[in-house]
Amino acid sequence: METLSPVRRKRAKPLPSVEIREMELRDVPVVFELGQKLFTAEEWPTLYRSWDDHELALLFSADAETCLVAEADGKIIGFALGRVTEKPRSAWRYGLLMWLGVDRRFKRSGIASRLVRQLTGLFIDRDARIMLVDTAAKNHAALAFFRRNGFGQEIRHVYLSQNLENDPRYIERNDDSEDDTDD
Ligand SMILES: CC(C)(COP(=O)(O)OP(=O)(O)OC[C@H]1O[C@@H](n2cnc3c(N)ncnc32)[C@H](O)[C@@H]1OP(=O)(O)O)[C@@H](O)C(=O)NCCC(=O)NCCS
């Protein structure tokens with residue numbers, strides 16, 4: 001695994017040596033906790049997927065080899081979680097970068113770039129021809145990051161929502177369940 005220490009930008013403290021390695025089962029709770037700090041519900045209100053322990057466990061159990069972490073001084077400070085997939089009616093394989101995050105204290109130190117570079121190599125080893133990412137349009141940091149790291153051909157996608165709480169069926173259902181609990 002890669003063990004370069006990036007010394008790229010001005011920092012108050014020098015960056016410790018950072019190792020990029022495959023994620024292990026024991027890392028799952030730490031990665032989950034770091035993700036909770038980075039992917040808050042307020043900032044990601046419309047994403048069709050949300051950061052939860054179930055999603056993380058599924059991703060890790062489906063393809064642990066394309067889940068990477070960055071570690072410094074024995075602490076996990078970043079992660080890139082992906083998987084390779086095939087689309088229906090397409091002969092191509094795709095590398096999906098599902099979740100990417102770096103501890104805010106280590107921002108702009110080149111850590112996400114290293115994670116993505118290494119993940120890209122793993123996708124290529126698995127015959128992926130295209131790598132896909134998605135993020136909220138207002139996530140300017142992530143967009144700047146992805147553009148800087150070779151992603152383009154941007155397609156905008158609109159999420160719509162409807163509050164179901166005013167639907168009579170919702171109201172009826174919830175009235176019923178309240179009655180049940182009264183018994
Ligand atoms: C987006 C994110 C992963 C970037 O991680 P990082 O380790 O800081 O990124 P790097 O240091 O490798 O940045 C490489 C380049 O990306 C661009 N970039 C990264 N963060 C940026 C920011 N906040 N504003 C503008 N450009 C930015 C810059 O071009 C940067 O190079 P530079 O520092 O020499 O200018 C990190 O900010 C993060 O964890 N964000 C929250 C989670 C998230 O949005 N994940 C992405 C969607 S899943």
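Just so it is clear, the values below take in all heavy atoms, side chains as well, and ignore hydrogens, waters and symmetry mates. Just follow the structure's listing: the first ligand is 1, and inside any ligand the first atom is 1. All figures in this text were calculated on a predicted structure; none of them were measured in a lab.
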Just distance, no hydrogens or angles: give the donor-acceptor pairs under 3.5 Å from side chains in residues 57-64, sequence neighbours left out.
from, atom 1, to, atom 2, distance (Å)
S61, OG, A57, O, 2.9
S61, OG, L58, O, 3.1
D63, OD2, T66, OG1, 3.3

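- Counting heavy atoms of neighbouring residues, nucleotides and ligands inside a 6.0 Å radius, atom CD of Q36 exceeds 12 of them.
- Checked by distance only, ligand 1 and A112 come closer than 3.5 Å through their nitrogen or oxygen atoms.
- When each of L56, L38, L81 is checked for a side chain to side chain contact (heavy atoms under 4.5 Å, CB included) with W99, only L81 meets the rule.
- Between W51 and F79, the ring-plane angle classifies as parallel under the 30° and 60° cut-offs.
- When only interatomic distances are considered, the shortest N/O to N/O separation between K107 and ligand 1 does not fall below 3.5 Å.
- Here's the thing with S113: one of its N/O atoms is less than 3.5 angstrom from an N/O atom of ligand 1.
- The N/O atoms of T135, backbone and side chain alike, include none that comes under 3.5 Å of an N/O atom in ligand 1.
- Considering backbone and side-chain N/O of L100, one or more are found under 3.5 Å from N/O of ligand 1.
- Any N or O atom pair closer than 3.5 Å counts here, and S109 shares at least one such pair with ligand 1.
- Considering backbone and side-chain atoms alike, A142 places every N or O at 3.5 Å or more from each N or O of ligand 1.
- Atoms of ligand 1 found under 4.0 Å from any heavy atom of G110, numbered from 1 in the order shown, are 10 (P), 11 (O), 12 (O).
- For a threshold of 3.5 Å applied to N or O pairs, the pair formed by R148 and ligand 1 contains at least one separation below that value.
- With a 4.0 Å cut-off on non-hydrogen atoms, V133 does not touch ligand 1 at all.
- Note on R105 versus D103: salt bridge recorded, some NZ/NE/NH1/NH2 to OD/OE distance being below 4.0 Å.
- The side chain to side chain contact (heavy atoms under 4.5 Å, CB included) test applied to E24 returns R21, R26, D27, not counting sequence neighbours.
- Remark: R173 CZ is loosely packed, at most 12 non-hydrogen atoms of other residues, nucleotides or ligands lying under 6.0 Å away.
- Distances between N or O atoms of V102 and those of ligand 1 include at least one value under 3.5 Å.
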